[in-house]
Amino acid sequence: MELQKQFEAIQSNFDAESLPLRKNALEAFEKLGIPSTKHEEWKYTNIKAKLKPDFTVATTNSQVNAAVKNYIASLPPYAFRLIFLNGIFHSELSIVPDIKGVTVCNLQEAFEHHTALTEKHFGKLVNLSDEHFAALNTAFVADGAFIHVQKNVVVNEPIYIQYFFTATDVNAFAQTRNLVILEDGASLQIAEDFRNASNISVQYNHVAEMYVGSNAQLDVVKLQMEVSNAIGVHTLESKVERNGRFSVATITFSSPNTGTHNVLIRNNVTSRLVGEGAHADFAGLYFGKENALIDNHILVDHVAPNCTSNQLYKGVLNQESTGVFNGKIFVKPDAQKTNAFQSSKALLLSKEASINSKPQLEIFADDVKCSHGAAIGQLDENSLFYLMARGVSKQEATQILTYAFAHEVVDHVHSKPIRQFLCDKLKDELQLNF
Amino acid sequence: MLSIKNLNVAISGKEILKDFNLEIKPGEVHAIMGPNGTGKSTLAATLAGKEDYEVLSGEVIFNDKNLLEMEADERAREGVFLAFQYPVEIPGVSTTNFMKAAVNAKRKHNGLEPLDAKDFLKLMNEKSALVEIKREFLSRSINEGFSGGEKKRNEIFQMAMLEPSLCVLDETDSGLDIDALRIVANGVNKLRDANRSFLVITHYQRLLNYIVPDYVHVMFGGRIVKSGGKELALKLEAEGYDWVKEEVMIG
Ligand SMILES: Nc1ncnc2c1ncn2[C@@H]1O[C@H](COP(=O)(O)OP(=O)(O)OP(=O)(O)O)[C@@H](O)[C@H]1O
Ligand SMILES: [Mg+2]
């Protein structure tokens, strides 16, 4: 169905306040369309060929299935979690924190009860005129997570936001969304976790807007570990005020665990450092298998002086998988004393695997320190021999060295419980039992 | 235990070992000395199964099995151990985790269940005490930032953990201070028994005061040119290699 018609069919469900913005977004998307590889930012990622042309964005089915139940049963019972099925909040499955000074609810409720906050923040960080998928999402998104942390409130336990996709229709294109607002001095850790809980290939489009106030600290982990058989586009836009700290770690494992594999993951992760002394940390770890394509586009925008940023990305590519890395560092004229660092490394474990890696530095201030490095390689032969000379098989030695390569990124994750969780995941993925 | 016959090995097309012969019986300690670049490490790495070393001809029989047909990992599980002249640094994996993988790989090979956490810890405690290595080194990344001597001690620790039947020590004494030399040698001596054999490559007679060899061989130009008892090492220490070279020329 034509998008305009899809919109008309569901617009009565949307909050009236958001309608003008949604209509703008729809108009913007109709102009942009789905990008082809002619678009510079999509040169290596042919999403147009992968996405079903007749996609439907309205959420139709959000039944809890066995895969969802099993997964939830395996979670630690105490963890704060917000559960979404095809983008729709399920309060009965969630454990919503009840902490003084912290508002956690779904977007629908936020639009209704926290209108001042949603009006000020929803759709304000995303760039609707250039960002195809952010525009589409803004027009159609029905629900999502809303978190607001008041001034100087520190939340010690991480909040897991879990998105399950249970589509039965291959044309479904789920739209999911998070809005996170930290006032000055607040602190929070969140994990966004995405899972295909259906037995078909799913399509989803996730957008998050995150506001980090002065001296606030927000640590985010994006977990894309159970996405075999998925086309997923992620957009994260963050804005960091004076002396605020923002960190994001994006972890993508394209583990083949079902029959057919069809993995395309695109991450657009952006941080704008608008207050003096702000810091942004980007870490990424991706494992590609079979014909997976994993694309990370990062942008750090140094707007204010004396800010620091760090990008550390590592990829492990097997079989015919492809990695794409594009790391942008923009330093605006006022951003003197910027210190920005970027590193992208990829291990190619097969002859057919490949990576397209591109640093992109645009510097308009003169007193800055920027460095970037990219390395692509195989496992070190001497290290392999050393491990094998102690009786470890070639396969296990490869796994151990891959673990060693990848672990640096996990070490980079600020939240201790999430770091431990990731460390275990990494061992599982590599079938290591130490 | 080990029988090397007419072994010829080339690296990048260059012949390094030439008609090399050596017999080692169970429980024996053989020392190999010789000038730099004569092929001692090449011999050691060939025994351990380094892939890019090209065996042109000859045979190596270890405990009645053809060693040259096995990959490096299989040789290790069969009981060959090489203490590297230059141990490799591997950031991101602790020696403890590495040893867990290695010990259990060997146990599996021998049809045994993997060690549980408690028994593994017990083994670690026992062996780290034997070679007097501090436990904190074992929880650090393998050899990362270790001093030369610490790396060598870690090699001997790993050897103790794996209980090999043939131990090849490639200049394990180089870089050790006097106390560390004694500790490492003590560790080796405690591992000596009637079934375990040692091939000790060294430049210094001093090590052989601690690890007393049954045989001393002099290697020159890719082969053993002279063999004798421990007194041969003393003579080399006192007189250098010139007289051996002359004998070889005349021969
Ligand atoms: N990868 C290589 N490519 C080419 N030549 C090599 C390679 N490795 C070793 N060689 C050569 O092989 C010869 C023997 O080297 P080897 O390391 O076995 O000597 P060594 O007897 O152990 O010497 P040292 O006492 O200095 O340790 C040397 O001439 C060395 O340069
Ligand atoms: Mg040597």
Side-chain angles (χ1 to χ4, degrees), chain A residues 249 251 283-285 287 312-316 343 345-347 349 373 375 377-413 419-420 422-434, chain B residues 44-45 47-53 70-84 86-110 114-117 120 141-144 151 154-155 157-159 161-164 168 170:
Chain A
I251 316 290
L285 175 63
F287 279 37
L312 172 71
Y313 271 70
K314 287 193 169 185
V316 178
S343 162
K345 290 186 181 157
L347 258 185
L349 295 183
Q378 282 81 39
L379 289 176
D380 177 49
E381 287 295 328
N382 284 328
S383 304
L384 263 180
F385 176 58
Y386 188 70
L387 299 186
M388 288 174 70
R390 303 295 186 247
V392 176
S393 70
K394 187 163 199 163
Q395 192 194 347
E396 194 175 357
T398 301
Q399 283 156 341
I400 289 175
L401 292 177
T402 304
Y403 174 85
F405 172 79
H407 199 266
E408 187 186 359
V409 177
V410 175
D411 267 345
H412 226 75
V413 172
R419 194 167 60 231
Q420 189 54 51
L422 277 178
C423 194
D424 294 343
K425 280 280 162 199
L426 186 60
K427 285 179 202 164
D428 282 355
E429 174 74 13
L430 294 168
Q431 297 161 354
L432 291 169
N433 40 17
F434 52 65
Chain B
L47 292 176
K50 194 158 166 72
E51 254 177 23
D52 38 9
Y53 287 16
M70 302 177 204
E71 299 285 327
D73 54 324
E74 199 183 344
R75 298 184 195 196
R77 293 192 295 269
E78 285 283 335
V80 176
F81 184 92
L82 168 62
F84 283 51
Y86 305 108
V88 181
E89 294 192 14
I90 305 183
V93 187
S94 68
T95 300
T96 302
N97 282 341
F98 174 32
M99 281 298 103
K100 217 173 274 176
V103 167
N104 286 331
K106 182 159 185 179
R107 289 179 65 86
K108 190 175 169 194
H109 180 75
N110 293 334
L115 282 182
D116 64 22
F120 181 75
S141 287
I142 304 168
N143 295 326
E144 191 188 23
K151 285 179 184 169
N154 192 4
E155 294 292 283
F157 165 72
Q158 293 178 34
M159 184 172 94
M161 287 293 287
L162 294 169
E163 302 179 340
V168 181
D170 191 358

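These figures come from a predicted structure and were not determined experimentally. Order of the sequence lines sets the chain letters (A, B, ...), proteins ahead of strands, with each chain counted from 1. Excluded from the calculations below are hydrogen atoms, water molecules and symmetry mates; all remaining heavy atoms, backbone and side chain alike, are included.
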Out of curiosity, A:Ser393 OG to B:Glu74 CD, how far, rounded to the nearest 0.5 Å?
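Output value for this atom pair is 11.5 Å.
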Do A:Asn382 and B:Tyr86 have side-chain heavy atoms sitting under 4.5 Å apart?
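In short, these two side chains do not touch, never coming nearer than 4.5 Å.
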Any salt bridge linking B:Glu51 with A:Lys394? Criterion: basic side-chain nitrogen under 4.0 Å from a carboxylate oxygen.
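Counted as a salt bridge, because a side-chain N and a carboxylate O are separated by less than 4.0 Å.
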Counting only heavy atoms closer than 4.5 Å, note whether B:Pro114 contacts chain A via side chain, backbone, both or neither.
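For B:Pro114, no heavy atom lies under 4.5 Å from chain A.
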For B:Lys50, is it the side chain, the backbone, both, or neither that has a heavy atom closer than 4.5 Å to a heavy atom of chain A?
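For B:Lys50, the contact with chain A is made by backbone and side chain together.
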Parallel, tilted or perpendicular: ring planes of B:Phe84 versus A:Phe385, cut at 30 and 60 degrees:
tilted
Select, from [options], the one with the greatest count of heavy-atom pairs under 4.5 Å involving chain A.
options                              : value
B:Ala48, B:Ala105, B:Ala45           : B:Ala48
B:Thr96, B:Val93, B:Val103           : B:Val93
B:Gln158, B:Met99, B:Met159          : B:Gln158
B:Arg77, B:His109, B:Arg75, B:Met161 : B:Arg77

Checking heavy atoms, do the side chain of A:Glu408, its backbone, both or neither come under 4.5 Å from chain B?
neither
Compare every heavy atom of A:Tyr403 with every heavy atom of B:Gly92, then report the nearest pair and how far apart it is.
O-CE2, 3.6 Å
Could you report the tightest heavy-atom contact between B:Ile90 and A:Ala404, atom names first, then the distance?
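Result for this residue pair: CG2-CB, 4.4 Å.
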Looking at chain B, which one of A:Ala397, A:Ala406, A:Gly391, A:Ser383 has the largest number of heavy-atom pairs inside 4.5 Å, strictly under?
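Greatest number of close heavy-atom pairs with chain B: A:Gly391.
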Can you tell me which of A:Val392, A:Leu401, A:Leu384, A:Asn433 forms the most heavy-atom pairs within a distance under 4.5 Å of chain B?
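Most heavy-atom pairs under 4.5 Å with chain B: A:Val392.
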Enclosure of B:Lys100 NZ (heavy-atom neighbours >12, cutoff 6.0 Å)
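Yes - once you tally the heavy atoms of other residues, nucleotides and ligands closer than 6.0 Å, there are more than 12.
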Heavy-atom donor-acceptor pair, A:Arg390 side chain to B:Phe98 backbone, under 3.5 Å
no
